[in-house]
Amino acid sequence: MARHEPGSTPPTEGPSSAPLTARLADPRYGSATITPHLLRYLTLVAAERGHDLGPALRRAGLSVAALSAVGQRVSYRQGSSVIREAIRDLGDPALGLAVGRRQRVTAWGLVGLGLQASPSLHDALRLGVRHHGVAGSMLDYRIETVPAGAAILATARYTDSGLRAFLLEEAFGSIVALIRDAWHEEFTPHSVAVRHPRPSYGDEYGRWFRCPVTFGAPDDRLVFAAETLERPLPGADPYTLAQVTGLLDAARAQGRERQDLVQGLEVSVARALPHVPPLGRQALERGMSERTLRRRLAEHGTSYEALVDSVRLVRAEELMLTSDLPLHRIARMLGFSDARTLRRAVARWFGTNPSAMRGSTARSR
């Protein structure tokens with residue numbers, strides 16, 4: 001019987017099995033809470049292949065420069081939008097593996113340094129799972145003890161069949177890349193199992209992971225042999241690890257505080273649309289002054305106006321992609337004065353117009 005490691009994320013039903021409407025309505029989908037490490041390396045791989053992801057980033061409200069800004073956060077919606085465009089434009093179905101292979105231990109910032117300073121591979125895995133949010137993961141993870149040793153299990157946050165394989169391949173590929181970079185180039189996991197069927201590029205799995213691979217498995221897991229878990233890492237340093245762990249714990253706490261504040265405000269706005277609650281009322285309900293709330297949002301790299309815009313964006317996407325409502329009704333539901341204002345907002349948000357959005361969705365059905 002598998003058991004959960006202390007501090008790991010227990011399995012939950014979550015929104016990963018939800019339909020499109022539930023995915024878009026989930027506050028996490030539009031909240032900018034993800035560090036853009038994955039997008040940085042996706043952009044790098046694309047550039048090495050002669051493709052500029054700048055336009056895709058701009059359509060998602062981002063930029064190449066913003067991806068390297070300390071403290072920058074992106075939403076799942078923004079990240080998934082850029083990834084989809086990259087998959088389409090680069091025409092490489094194995095792009096997730098390519099992005100994962102390209103990363104080194106420094107790719108994960110403080111988490112990467114913590115992995116290097118950990119006393120053993122098992123300690124490094126525990127640290128990575130505990131702080132995967134700081135490393136910009138778009139999946140959720142937990143670590144389990146299994147007969148072979150230990151396994152990292154990945155869980156999708158949303159039903160997103162077009163991205164699921166990419167995210168898993170990038171995740172498992174980068175974990176192996178970082179271990180090889182921090183420990184030994186010849187490292188191989190015990191086994192890899194993924195839920196999706198064997199893709200046309202299935203041989204790439206064997207070439208990269210160099211271990212047994214199972215397709216169509218019950219879950220998605222990367223398994224590590226018991227004999228490798230307790231081997232000391234060459235960069236182990238208790239002093240550095242203590243420093244890094246302190247910083248990561250603080251960042252994790254700050255991230256939770258940001259998530260609680262931002263998502264709480266977004267839920268409040270979403271429930272009140274078409275009427276947007278004044279900032280003063282939001283502050284009063286949270287036992288603080290309007291000035292304090294503005295300051296706290298600024299400390300988290302956002303503003304109330306940006307949050308309202310994000311909520312409207314997600315709701316607009318939901319209504320236009322899952323309903324046949326006329327634009328003037330959608331505009332009223334979002335709190336806009338008329339359909340013309342909605343069209344301008346759609347052009348700013350998505351780089352297109354409502355008719356093109358709806359036509360694209362209809363063609364993909």
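Hydrogens, waters and symmetry mates are skipped; everything else that's a heavy atom, side chains included, is used.
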[Y] versus [X], side-chain donor and acceptor atoms under 3.5 Å:
| X | Y | answer |
| --- | --- | --- |
| Tyr304 | Glu290 | no |
| Thr35 | Gln72 | no |
| Glu170 | Tyr41 | no |

So Arg126 and Asp123, salt bridge (Lys or Arg N to Asp or Glu O under 4.0 Å) or not? Walk me through it. CA-CA 5 Å; Arg126 291 191 188 102; Asp123 292 308; 3.2 Å; yes
May I ask you to check whether over 12 heavy atoms, not counting those of [X], lie within 6.0 Å of atom [atom1]?
| X | atom1 | result |
| --- | --- | --- |
| Arg88 | CZ | yes |
| Arg49 | CZ | yes |
| Arg207 | CZ | yes |
| Arg348 | CZ | yes |
| His196 | NE2 | yes |

Give the minimum heavy-atom separation between [X] and [Y], together with the two atoms involved.
| X | Y | answer |
| --- | --- | --- |
| Val64 | Gly54 | CG2-CA, 4.4 Å |
| Ser80 | Met138 | N-CE, 3.8 Å |
| Val134 | His37 | O-NE2, 3.6 Å |
| Phe172 | Leu222 | CZ-N, 3.8 Å |
| Val223 | Ala151 | CG2-CB, 3.9 Å |
| Trp183 | Pro234 | CD1-CD, 3.7 Å |

With heavy-atom distances below 4.5 Å as the criterion, would you say the side chains of Leu168 and Leu139 are in contact?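 Answer yes - side chains close enough.
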Any non-hydrogen side-chain atom of Leu261 less than 4.5 Å from a side-chain atom of Arg296?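 Yes, their side chains come closer than 4.5 Å.
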Can you see whether Phe336 has Arg312 sitting over its ring - NZ or CZ less than 6.0 Å from the centre and within 45° of the normal?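 Output yes; distance and angle both within limits.
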Does the Lys NZ or Arg CZ of Arg180 fall within the cation-pi geometry relative to Trp208 - under 6.0 Å from the ring centre and within 45° of the axis? yes
Please determine whether salt bridge (Lys or Arg N to Asp or Glu O under 4.0 Å) holds for the pair Arg332 and Asp338, giving the CA-CA distance in whole Å, both sets of side-chain angles, and the decisive distance to 0.1 Å. CA-CA 7 Å; Arg332 286 203 304 269; Asp338 52 37; over 6 Å; no
Check Arg198 with Asp203, please: is the shortest side-chain N to carboxylate O separation under 4.0 Å? yes
Whether Glu266 and Arg315 form a salt bridge (side-chain N of Lys/Arg under 4.0 Å from carboxylate O of Asp/Glu) is what I want to check. no
Pair Arg101, Glu169 - check salt bridge (Lys or Arg N to Asp or Glu O under 4.0 Å), show working. CA-CA 9 Å; Arg101 289 196 302 261; Glu169 290 162 2; over 6 Å; no
From [X] [atom1] over to [Y] [atom2], what is the distance, rounded to the nearest 0.5 angstrom?
| X | Y | atom1 | atom2 | result |
| --- | --- | --- | --- | --- |
| Arg231 | Ser120 | CZ | OG | 12.0 Å |
| Ile143 | Leu125 | CD1 | CG | 5.0 Å |
| Phe224 | His190 | CZ | NE2 | 12.0 Å |
| Glu305 | Leu297 | CD | CG | 9.0 Å |

Taking [X] for the side chain and [Y] for the main chain, is one N or O donor matched with an acceptor at less than 3.5 Å?
| X | Y | value |
| --- | --- | --- |
| Asp181 | Arg104 | no |
| Gln103 | Val99 | yes |
| Arg358 | Met320 | yes |
| Ser174 | Ala171 | yes |

Could you please spell out the steps behind the salt bridge (Lys or Arg N to Asp or Glu O under 4.0 Å) verdict for Arg221 and Asp219? CA-CA 6 Å; Arg221 60 176 59 208; Asp219 51 28; 2.9 Å; yes
Please name the residue in the list Thr43, Leu44, Leu53 that meets the side chain to side chain contact (heavy atoms under 4.5 Å, CB included) test with Leu67. Thr43
